[in-house]
Amino acid sequence: MRKIGVIGGGLMGSGIAFHLSSKLEDSIIVHEVSEEAFTGTRQRFDRFGKNAMKRGADESTVGSWVNKIDYTTNVEDLTDCVLVIEAVYENLQVKQEIFRKLETVVNEKTILATNTSGISISEIGSVLTHPERLIGTHFFNPVPAMKLVELITGIHTSQETIEEIKMFCEKIGKEVVVSNDFPGFIVTRVGQAMMCEALRCLEQGVATVEDIDKGMRLGYNYPMGPLELIDLIGLDTELKIQQSLFEELGEVFRPSPVLKNMVAGGLLGRKSGKGFYNYQ
């Protein structure tokens, strides 16, 4: 049985691990910095399981998926993984340190993947001796329900690595798009432009939160409006994304004063109970 590692048991990491376990016979192992961190991971698995049962999976099947997942705080337990997907928060230095350590413990054929929505794959890979086996795998939230994985190729990513990950994504029921290593890639760049413009409409008094979202849902057949999506992402996370894209790409992505003020006031969206909408 092959083993696949996921580093980070937060929202994205737990979603990736749960989805892989539901689609593959492989053993899945999640790495976190402490045993305490797994409390939240297990709670998220429970929520994903309940959603799967709403879509028709039976309880015993869901239980078998979760029971297949192992947990570790020791990076050396990832030694024999054929693939390791890093899914920690968006910070270049943190990701670089993870991959620097990983390269010392995994075997030479292990593929290394980073779940990033905007950090340069080439920069992350600059600390590696073998950056040709590093690739960006941008999953979307919630991972079990979203069909897309955006693949990002660094300057050194090998064609063999790209083809291996394409086959892997097909095996887990995902479709892929491939982006070169450019700020924002495809989906983040285009999607963030929409969210920035929605925020400008709000701050200029063009329309209400509800009408902006309703217009985009019905006019473009989106499952949720841009401000609803920011609530889901987290306003603090969204602000960091906008700041990064503004630095790289300029005025289109200038962070909104409305967004800055809401973050300063602790209105972070769903995770705080209130953002553009009230979830309490």
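These values consider heavy atoms only, across backbone and side chains, with no hydrogens, waters or symmetry-generated copies.
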Kindly say whether [Y] contributes a backbone atom to a donor-acceptor pair with the side chain of [X] at under 3.5 angstrom?
X	Y	value
S14	F45	no
K271	I233	no
T188	S117	yes
S244	I241	no
N115	M12	no
K166	L151	no
T41	G9	yes
E150	I186	yes

Could you tell me whether the side chain of [Y] reaches within less than 4.5 Å of the side chain of [X], counting heavy atoms only?
X	Y	value
V177	L148	yes
E90	T116	yes
F168	K174	no
N107	T79	no
R189	F182	yes
T114	I152	no
H156	L128	no
P226	D213	yes

How long is the gap from [atom1] on [X] to [atom2] on [Y], to the nearest 0.5 Å?
X	Y	atom1	atom2	answer
S60	M53	OG	CE	10.0 Å
E228	M195	CD	CE	12.5 Å
L83	R2	CG	CZ	8.0 Å
L11	R270	CG	CZ	10.5 Å
K240	T237	NZ	OG1	6.0 Å
N180	S122	CG	OG	9.5 Å

More than 12 heavy atoms of other residues, nucleotides or ligands under 6.0 Å from [atom1] of [X]: yes or no?
X	atom1	answer
Q204	CD	yes
Q243	CD	yes
E170	CD	no
E163	CD	yes
E97	CD	yes
I155	CD1	no

If hydrophobic clusters are built by linking Ile, Leu, Val, Met, Phe, Trp and Tyr wherever their side-chain heavy atoms come under 4.5 Å apart, do [X] and [Y] end up in the same one?
X	Y	value
L112	I29	yes
Y71	V62	yes
I172	V66	yes
V209	L229	yes
V82	I162	yes

Original post:
Once the angle between the rings of Y220 and Y222 is folded into 0 to 90°, is it parallel (under 30°), tilted (30 to 60°) or perpendicular (over 60°)?
Top reply: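 Because their plane-to-plane angle is under 30°, the rings of Y220 and Y222 count as parallel.
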
Original post:
Would you call the rings of F48 and F18 parallel, tilted or perpendicular, where under 30° means parallel and over 60° means perpendicular?
Top reply: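 Because their plane-to-plane angle lies in the 30° to 60° range, the rings of F48 and F18 count as tilted.
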
Subject >> Check against side-chain contact (heavy atoms from CB on, under 4.5 Å), V30 and T72 >> reply: CA-CA 6 Å; V30 179; T72 185; over 6 Å; no

Original post:
Taking atom types as modelled and ignoring hydrogens, do the side chains of Q192 and E238 form a donor-acceptor contact shorter than 3.5 angstrom?
Top reply: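 Looking only at side-chain atoms, E238 and Q192 do form a donor-acceptor pair, the distance falling under 3.5 Å.
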
**OP:** Output, in order, the C-alpha distance, side-chain angles, deciding distance and verdict of side-chain contact (heavy atoms from CB on, under 4.5 Å) for T153 and I121.
**Re:** CA-CA 7 Å; T153 60; I121 307 306; over 6 Å; no

For [X] against [Y], the heavy-atom pair lying closest together:
X	Y	result
A57	W65	CB-CH2, 4.0 Å
L134	T157	O-OG1, 2.8 Å
I212	L202	CD1-N, 3.8 Å
R254	Q242	O-OE1, 4.1 Å
G8	V88	CA-CG1, 4.2 Å
R100	V127	NH2-CG1, 3.2 Å

Original post:
Between F276 and M262, is a side-chain contact (heavy atoms from CB on, under 4.5 Å) present by the stated rule, with each step listed?
Top reply: CA-CA 9 Å; F276 295 103; M262 292 178 71; 3.5 Å; yes

Original post:
Is the closest basic N to carboxylate O distance between K3 and D70 below 4.0 Å?
Top reply: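 So K3 does not pair with D70 through a salt bridge.
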
Subject >> D46 bridged to K50 by N-O distance under 4.0 Å >> reply: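 Salt bridge flag = yes for K50 with D46.
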
Original post:
Are V94 and Y89 close enough, and set up right, to give a side-chain contact (heavy atoms from CB on, under 4.5 Å), and what steps lead you there?
Top reply: CA-CA 8 Å; V94 170; Y89 59 95; 3.3 Å; yes

